[in-house]
Amino acid sequence: MKKKEYIHTFQKIPHHHRLVAFPDEQSCIDYVKKIKWPQKIICPFCQCNEVYHFKNNQIFKCKSCRKKFSVRIGTIFEGSKIPLQKWFIAIWLTNREHYITSVALAKELNISQKTAWSILHTLQDARMTSSFKSDLSSNK
């Protein structure tokens, strides 16, 4: 699955299921992991499928190249310190509301306006990609 396709997959889940489905950060991580690697976790650096996970089940390490990675690698969440739960809520809100301001999103997520602005622009950029548009058109 391509970097920006996670948004659309998440949007398909009805709101009341999202509240139950993502009660904590680990449930969000497990969801992204399931989408990113449906069968087996594959190292994004060397494509090896022998991967260890650390005790917290959030960080992985490749047996071959020994590099560490998380489910965020290769996604719009990569490099972000914002919890996935907040990202998921932002995705849902921006899908639900025709237009939401960074001020409103900041209040909703209890984050700074600057961070909310960054999230909104990341999501907007993701929605403009051809992979996102093709994924939308194929599921109508």
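Model, not experiment: these values are computed from the prediction.
- Within the model, atoms CD1 of Ile42 and CD of Gln47 stand 6.5 Å from one another, a figure rounded to the nearest 0.5 Å.
- Asn57 places none of its side-chain heavy atoms less than 4.5 Å from the side chain of Ile29.
- Between Thr94 and Arg127, some side-chain heavy-atom pair lies under the 4.5 Å cut-off.
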Output, in order, the C-alpha distance, side-chain angles, deciding distance and verdict of side chain to side chain contact (heavy atoms under 4.5 Å, CB included) for Glu108 and Ile100. CA-CA 11 Å; Glu108 191 72 37; Ile100 186 167; 5.6 Å; no
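- No side-chain heavy atom of Thr115 sits under 4.5 Å from any side-chain heavy atom of Lys81.
- Between Thr75 and Lys36, the shortest heavy-atom distance links the atoms CG2-NZ, 4.1 Å.
- Atom CD1 of residue Ile89 and atom CD1 of residue Ile119 lie 10.0 Å apart, to the nearest 0.5 angstrom.
- Note that CG of Leu105 and OG of Ser112 are 10.0 Å apart. Values are rounded to the nearest 0.5 Å.
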Determine whether Tyr31 and Val71 satisfy the following criterion, side chain to side chain contact (heavy atoms under 4.5 Å, CB included), listing intermediate values before the conclusion. CA-CA 9 Å; Tyr31 180 73; Val71 296; over 6 Å; no
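- In this structure, the side chain of Gln124 does not engage the main chain of Leu120 through any donor-acceptor pair within 3.5 Å.
- Counting all heavy atoms, side chain and backbone alike, Ala126 lies closest to Ile76 at CB-CG2, 4.1 Å.
- Follow the hydrophobic side-chain contacts under 4.5 Å out from Ile59 and you never reach Leu84; the two are in separate clusters.
- Atom OG of Ser70 is separated from atom NZ of Lys33 by 11.5 Å, given to the nearest 0.5 angstrom.
- The CZ atom of Phe88 sits 8.0 Å away from the CD atom of Glu25 when rounded to the nearest 0.5 Å.
- Within a 6.0 Å radius of NE2 in His53, other residues, nucleotides and ligands contribute 12 heavy atoms or fewer.
- Cluster membership check: Phe77 shares its hydrophobic cluster with Phe45, using side-chain heavy-atom separations under 4.5 Å among Ile, Leu, Val, Met, Phe, Trp and Tyr.
- Taking CZ of Arg66 as the reference point, atom SG of Cys46 lies at 11.5 Å (rounded to 0.5 Å).
- Within a 6.0 Å radius of CG in Asn110, no more than 12 heavy atoms belonging to other residues, nucleotides or ligands are found.
- Shortest non-hydrogen contact noted between Arg72 and Ser80 is NH1-O, 2.7 Å.
- Shortest non-hydrogen contact noted between Ala116 and Ser102 is CB-O, 3.2 Å.
- At least one donor-acceptor pair under 3.5 Å links the side chain of Gln85 to the backbone N or O of Phe22.
- Shown here for Val51 and Cys43, the closest heavy-atom pair between the two residues is CG2-N, 4.1 Å.
- A perpendicular orientation is assigned to the rings of Phe60 and Trp37, their planes being inclined by more than 60° (bins at 30° and 60°).
- At a threshold of 4.5 Å between side-chain heavy atoms, the hydrophobic network of Ile, Leu, Val, Met, Phe, Trp and Tyr places Ile111 and Trp117 in two separate groups.
- Judged purely by distance below 3.5 Å, without hydrogens or angles, the side chains of Ser27 and Asp30 never pair a donor atom with an acceptor atom.
- The nearest pair of heavy atoms linking Lys86 to Leu109 is NZ-O, 2.8 Å.
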